[in-house]
Structures are given as structure tokens and as C-alpha cells.
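Report on one structure; see the data block that follows.
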Amino acid sequence: MCSPRQLSFDARRHLWIAVAAAVSFNTACRTAPAPPPVSPDTWAVVGGKEITRSDVEKAFRRMEAGAQPLSEEETLAAKLSLLDELIVQEILLAKATALKIEVADTEVDAAFNEGRKNLTPAAFEQELARRQLTEGDMREGVRRELLTRKLLEREVVSKVTVTDQQVTDYFNANRSQFNLP
């Protein structure tokens, strides 16, 4: 076998590539530590926080309009959509925490009271009972929504500016999409 000095430049380069690939492969193939055990009720884990079936059920009851009952397929589709929303919300809440964005209790109270302004206290209690929710459940949902809105406002909306000229240019460039028979 020859020493590395006796190899040509190309051969040394190929040798280094092979060594780098072997090291990368070895690193990639190491077993990662096993994730912590999750309960059978867990539908997703985001940043170490479990989103459980009961979380999804509670969100579903919070969003329930009380109109026509949904079919089994529609209910499952709605719950899976809510699960997706809860996953995104958890990611956004983690970002809000990292950025130290908070929602004051007065903001939560104002939004909560706005949401129930058309109901008498008795009707509100009756609706909570029908949905199997507590006032705390509703307040927590409002708090989470306000936090995600505040994060999006700060990190996205406040940084986006669209001028009238940009709107006009876009419209003119895509006029055929707006001309419907």
C-alpha cells in the first residue's frame, strides 16, 4: 500500500471524500436517543409538548357552532384540521415565548367578554355545559389565539408593506385571472 504522499492529487482528494463520507455516514447512523414515552391519548408532540385527543376534542367543542350535526367523516376531517391548527399554534406559541411576547389579562378579559356579549350569563353557562367546557377552557383558547395573533402581527404583518403601485402592477400582470365570465 502506498503512503498518502505517494498518491496523486486526485487520488488524495477521492480518499478525503471517502473518509468524509464515512464519517458523515457514521454520524448519521448513530442512534438518536429514544424519544420520551407518550400516552396512548397523544395525537402529536410539538417541541416536547403533547397534543392529546382531549385537547383536540376540547378545541372541537369550543369551535362547534351547534348547527347541523356532522357525519362521522366530517367530524374526523374537522378534528384532523383542528389538530393541524393546534400543531401550528404550538409552534407559534413557542416562538412567542422565545420572543417574550405576552398577552395581558386585561386583553384576554376584553376579548373573552366581546365573544360572549350577545349571550346572557345564563345562556353562556348553558352553552358551556352543552359543550362540556369551563370558562377557563374558553379563556385559555382566547389567550392562545391572542398570543398567536400578536406574534404574527409583530413578526409578519408589521414587516410587510404593499404599495398601491404593486397592487396595480399585479392586477395588470394577472388581469386574465380577474376577468371572469
Side-chain angles (χ1 to χ4, degrees), residues 28-160 162 170 174 177-178 180-181:
C29 289
R30 287 189 192 145
T31 56
V38 294
S39 72
D41 190 38
T42 300
W43 280 19
V45 178
V46 180
K49 183 179 182 315
E50 293 182 6
I51 298 174
T52 64
R53 168 184 231 119
S54 61
D55 295 331
V56 175
E57 294 286 342
K58 196 177 289 187
F60 182 73
R61 290 192 308 267
R62 232 184 358 257
M63 305 305 283
E64 186 180 353
Q68 278 185 327
L70 300 175
S71 71
E72 194 173 319
E73 293 83 16
E74 291 169 324
T75 300
L76 181 58
K79 288 179 181 178
L80 289 174
S81 178
L82 272 172
L83 174 62
D84 183 53
E85 288 177 30
L86 290 172
I87 290 169
V88 170
Q89 192 175 60
E90 277 304 319
I91 293 167
L92 294 174
L93 290 173
K95 182 68 172 175
T97 300
L99 294 173
K100 297 181 179 17
I101 297 173
E102 296 179 2
V103 175
D105 289 340
T106 55
E107 291 175 86
V108 174
D109 291 341
F112 179 77
N113 291 331
E114 177 66 24
R116 65 179 253 186
K117 73 179 179 183
N118 294 330
L119 295 172
T120 65
F124 180 71
E125 290 299 323
Q126 185 179 13
E127 189 62 23
L128 285 178
R130 185 184 71 75
R131 295 183 188 198
Q132 301 172 341
L133 295 169
T134 66
E135 189 173 310
D137 294 334
M138 296 299 283
R139 283 185 183 280
E140 179 60 18
V142 168
R143 185 191 69 74
R144 291 169 62 93
E145 177 137 346
L146 288 175
L147 254 175
T148 56
R149 279 189 203 163
K150 197 176 245 190
L151 170 71
L152 291 173
E153 175 66 36
R154 177 175 151 184
E155 295 298 309
V156 179
V157 175
S158 68
K159 296 177 181 179
V160 174
V162 179
Y170 180 82
N174 298 284
Q177 294 179 20
F178 297 103
L180 300 175

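All of these numbers come straight from a predicted model, not from anything done at the bench. Below, all heavy atoms of this structure are taken into account, side chains as well, without hydrogens, waters or symmetry copies.
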Check your understanding: Which atom names give the shortest non-hydrogen contact between Ile51 and Val46, and what distance separates them?
Key -> CD1-CG2, 4.0 Å
**Study point:** Within 6.0 Å of CD in Glu102, more than 12 heavy atoms from elsewhere
**Key:** no
Revision key, fill the gap. Contacts satisfying salt bridge (Lys or Arg N to Asp or Glu O under 4.0 Å) that involve residues 44-54 (not counting sequence neighbours) are Lys49-Glu90
Review point. Roughly how far, to the nearest 0.5 Å, is CD of Gln132 from NZ of Lys58?
Key: 11.0 Å
Review point. Side chains of Thr134 and Asp137: do they bring a donor and an acceptor to under 3.5 Å?
Key: yes
Point to revise | Separation between CD of Glu85 and CE of Met63, rounded to the nearest 0.5 Å | key: 6.5 Å
Study note, to complete from the structure: Sequence neighbours excluded, the answer for salt bridge (Lys or Arg N to Asp or Glu O under 4.0 Å) partners of Glu140 is Arg143
Study note, to complete from the structure: dist Leu147:CG -> Leu152:CG (nearest 0.5 Å) comes out at 10.5 Å
Study note, to complete from the structure: The reported gap from OG1 in Thr75 to CZ in Phe60 (rounded to nearest 0.5 angstrom) is 4.5 Å
Which atom pairs, donor and acceptor, lie under 3.5 Å between side-chain atoms of residues 94-101 and protein residues at least two apart or in another chain?
| unit_1 | atom_1 | unit_2 | atom_2 | d |
| --- | --- | --- | --- | --- |
| Thr97 | OG1 | Leu93 | O | 3.0 |

Check your understanding: If you take all heavy atoms of Arg62 and Arg131, which pair is closest and at what distance?
Key -> O-NH1, 2.6 Å
Review point. What pair of heavy atoms forms the shortest contact from Leu82 to Ala59, and how long is it?
Key: CD1-C, 3.8 Å
Point to revise | salt bridge (Lys or Arg N to Asp or Glu O under 4.0 Å) against Glu155, all qualifying residues, sequence neighbours excluded | key: Lys159
Check your understanding: Which residue pairs pass the ring-ring contact (aromatic ring centres under 6.0 Å, His included) test with at least one member in residues 69-92, sequence neighbours excluded?
Key -> none
Review point. Which heavy atom in Leu92 sits nearest to a heavy atom in Leu151, and how many Å separate them?
Key: O-CD2, 3.2 Å
**Study point:** Partner set under salt bridge (Lys or Arg N to Asp or Glu O under 4.0 Å) for Glu74, not counting sequence neighbours
**Key:** none
Check your understanding: Got Glu73 and Leu76 here, is their nearest side-chain heavy-atom distance under 4.5 Å?
Key -> no
Point to revise | Pairs involving residues 105-114, ordered by first then second residue, that meet salt bridge (Lys or Arg N to Asp or Glu O under 4.0 Å) (sequence neighbours left out) | key: Glu107-Lys150, Asp109-Arg139, Glu114-Lys117
Practice item. Name all residues meeting the side-chain hydrogen bond (donor to acceptor under 3.5 Å, both in side chains) criterion together with Ser54; count only those two or more places apart in sequence or in a different chain, and write none if there are none. Key: Thr52
Check your understanding: Considering all heavy atoms of both residues, which atom of Ala123 and which atom of Leu119 are nearest to each other, and what is their separation?
Key -> CB-CD2, 4.2 Å
Check your understanding: Within a strict 4.5 Å, meaning less than it, do heavy atoms of the Arg116 and Glu135 side chains meet?
Key -> yes
Check your understanding: Which residue pairs pass the ring-ring contact (aromatic ring centres under 6.0 Å, His included) test with at least one member in residues 115-145, sequence neighbours excluded?
Key -> Phe112-Phe124
Exercise for review: Mind checking salt bridge (Lys or Arg N to Asp or Glu O under 4.0 Å) for Glu57 and listing every partner two or more places apart, or none if nothing turns up?
Suggested key: Lys79
Check your understanding: Among all residues two or more places apart in sequence or in another chain, which pass the side chain to side chain contact (heavy atoms under 4.5 Å, CB included) test with Ala77?
Key -> none
Exercise for review: Check side chain to side chain contact (heavy atoms under 4.5 Å, CB included) between Val157 and all other residues, then give those that pass, not counting sequence neighbours.
Suggested key: Glu153
